[in-house]
Protein chains: 2
Amino acid sequence: MGLIFSRQCEYALQSVLYLALQPKGELVSAKELTKHLSIPYHFLAKILQTLSRKGLLVSSRGPTGGFMLSMPPRDITLFHIIEAIDGIDFTNKCVLGYRRCSANSPCATHDEWASVREAIYQMLISKNIETLAEAARECQSVQCVTQALA
Amino acid sequence: MGLIFSRQCEYALQSVLYLALQPKGELVSAKELTKHLSIPYHFLAKILQTLSRKGLLVSSRGPTGGFMLSMPPRDITLFHIIEAIDGIDFTNKCVLGYRRCSANSPCATHDEWASVREAIYQMLISKNIETLAEAARECQSVQCVTQALA
DNA sequence: CACAAATAAGACTGATTTATCCGAAATATA
DNA sequence: TATATTTCGGATAAATCAGTCTTATTTGTG
């Protein structure tokens with residue numbers, strides 16, 4: 001479908017944002033996440049495991065177990081999440097798909113796209129989860145709260 | 001894989017650019033395109049058919065048949081091609097994947113992304129194929145020519 | 001007309017992504 | 001310790017995307 005994130009990545013972004021909205025140090029179970037975010041349970045569980053393995057989340061087993069952010073929301077950027085889930089090939093891949101095109105061997109249109117790619121990259125590394133969480137918190141309307149959490 | 005175009009879309013972009021580099025009014029066969037662009041023949045044929053149905057290309061059957069642009073390269077933007085192949089859901093789809101998020105019912109982070117989405121959109125409708133073709137033509141190095149055409 | 005070369009169209013196969021299922025390991029609590 | 005609840009990990013199924021194959025239709029040329 002292209003151009004935006006994979007579904008896994010969307011789910012990961014939603015989950016991390018949800019965790020950032022919780023009181024610091026509080027564990028949230030996959031069950032609660034799947035309920036509030038309407039994400040298929042087993043699929044979500046796998047994504048949370050991936051985020052844990054990559055070091056973005058800390059997990060705890062057993063009853064009262066769950067997941068929480070491994071670091072302050074401010075230190076987690078959108079780029080971190082995308083990197084963990086989708087990978088970051090897009091940062092140096094030719095948008096036209098030319099196999100042999102790269103920064104030091106650019107295709108005819110490489111430079112035309114460079115600024116766009118750079119803009120996306122800058123946005124991804126500059127937006128941190130705390131900022132998004134604040135935006136969600138400050139928005140008091142029912143709509144925003146339910147959507148931020150669902 | 002996310003974030004950039006589908007492979008079909010990449011192939012379509014490459015094909016249209018190749019056609020734009022041909023003398024005006026000249027038909028190019030799928031065979032020639034598949035040879036120069038290294039795209040699987042039957043897959044490419046389908047993509048060219050789609051582009052024809054969508055009105056971007058004109059096709060002609062029989063020997064001496066082939067494809068050519070249906071309008072001046074200047075009138076074809078990247079957006080046209082993406083629209084024809086991948087669709088344009090991304091222009092109003094929530095980047096976080098929230099089902100209920102839209103412009104008039106934004107999620108907490110909608111506005112944070114609006115500028116990026118708009119930047120991408122503007123770039124896609126402002127870049128026309130003639131510009132890219134010129135860039136390819138002006139670049140005289142072997143590398144650029146072979147890459148623009150292969 | 002007969003033939004060859006090209007597009008048109010649909011069915012089919014394979015790969016990747018998305019989603020589901022099941023059993024094992026960990027752990028809080030009674 | 002027994003049990004319930006949770007994450008962990010691998011196997012499997014369904015859906016979508018990428019690529020292949022076959023046949024029909026069109027059309028220029030001998």
Side-chain angles (χ1 to χ4, degrees), chain A residues 1-15 19 26-35 37-70 82 84-87 89-90 97 99, chain B residues 1-15 19 22 26-70 82 84-87 89-90 97 99:
Chain A
M1 208 67 80
L3 206 59
I4 308 292
F5 311 118
S6 71
R7 196 165 299 183
Q8 277 197 61
C9 207
E10 286 178 358
Y11 292 162
L13 289 162
Q14 290 181 30
S15 300
L19 292 175
E26 186 147 316
L27 290 167
V28 177
S29 71
K31 205 175 189 177
E32 179 178 340
L33 282 166
T34 204
K35 183 179 173 186
L37 299 174
S38 304
I39 299 173
Y41 177 73
H42 293 96
F43 195 34
L44 174 60
K46 291 214 166 303
I47 294 167
L48 295 172
Q49 284 170 34
T50 300
L51 291 173
S52 298
R53 272 197 301 270
K54 299 278 184 175
L56 290 175
L57 303 184
V58 169
S59 66
S60 174
R61 299 212 257 193
T64 76
F67 300 87
M68 62 183 222
L69 301 183
S70 68
I82 293 161
I85 302 295
D86 280 350
D89 283 351
F90 77 91
R99 307 270 184 288
Chain B
M1 211 66 80
L3 206 58
I4 307 293
F5 311 119
S6 70
R7 196 163 300 183
Q8 275 196 61
C9 209
E10 286 178 358
Y11 290 163
L13 289 163
Q14 290 181 31
S15 300
L19 291 175
Q22 303 307 312
E26 185 145 318
L27 291 168
V28 177
S29 70
K31 206 176 190 177
E32 179 178 339
L33 283 166
T34 203
K35 183 180 172 186
H36 285 97
L37 300 175
S38 304
I39 299 173
Y41 177 74
H42 293 95
F43 195 34
L44 174 60
K46 289 208 168 307
I47 295 167
L48 295 172
Q49 283 170 34
T50 300
L51 291 173
S52 297
R53 272 197 302 270
K54 299 280 184 174
L56 289 175
L57 301 184
V58 169
S59 67
S60 174
R61 299 214 255 192
T64 77
F67 301 87
M68 63 184 221
L69 301 183
S70 68
I82 293 161
I85 302 293
D86 280 350
D89 284 351
F90 77 92
R99 306 269 184 291

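Here is how names work: the chains are called A, B, and so on, in the same order as the sequence lines, proteins then strands, and each is numbered from 1.
A distance of 5.5 Å separates CG in B/Leu33 from CG in B/Leu19, rounded to the nearest 0.5 Å.
Taking atom CD of A/Glu32 as the reference point, atom P of D/dT6 lies 10 Å away to the nearest angstrom. In this entry the distance linking CZ of B/Phe43 with P of C/dT16 reads 14 Å, nearest Å. The CD-P distance, from B/Glu10 to D/dC17, rounds to 15 Å in whole Å. As rounded to whole Å, 16 Å separates atom P of D/dC21 from atom CG of B/Leu44. We find that CZ of B/Arg7 is positioned 15 Å from C1' of D/dT20, with the value rounded to whole Å. Distance CD1 (B/Ile85) to C1' (D/dA18): 13 Å, rounded to an integer number of Å. In this structure, CD1 of A/Ile39 is placed 12 Å from P of C/dT20, rounded to the nearest angstrom. The CD1 atom of A/Ile47 sits 8 Å away from the P atom of C/dA19 (whole-angstrom rounding).
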- Item | Contact letters for nucleotides 5-15 of chain C, in which S counts primed atoms plus P, OP1 and OP2 and B counts the base, heavy atoms under 4.0 Å | BBBBBBB----
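When all heavy atoms of A/Glu10 and A/Phe5 are compared, the closest pair comes out as OE2-O, 4.1 Å. Taking all atoms of both residues into account, the shortest heavy-atom contact from A/Thr50 to A/Ala84 is CG2-O, 3.9 Å. Considering all non-hydrogen atoms of both residues, A/Thr64 and A/Leu27 come closest at O-CD1, 3.5 Å. B/Leu44 and B/Ala30 make their closest contact through CD2-O, 3.8 Å (heavy atoms, listed as atom of the first residue, atom of the second, distance).
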- Message: Run the side-chain contact (heavy atoms from CB on, under 4.5 Å) test on B/Leu69 and B/Leu56 for me, step by step, so that the C-alpha distance in whole Å, both residues' side-chain angles and the decisive distance to 0.1 Å come before the verdict.
- Response: CA-CA 6 Å; B/Leu69 301 183; B/Leu56 289 175; over 6 Å; no
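A close approach under 4.0 Å does not occur between any side-chain nitrogen or oxygen of B/Gln8 and OP1 or OP2 of D/dC17.
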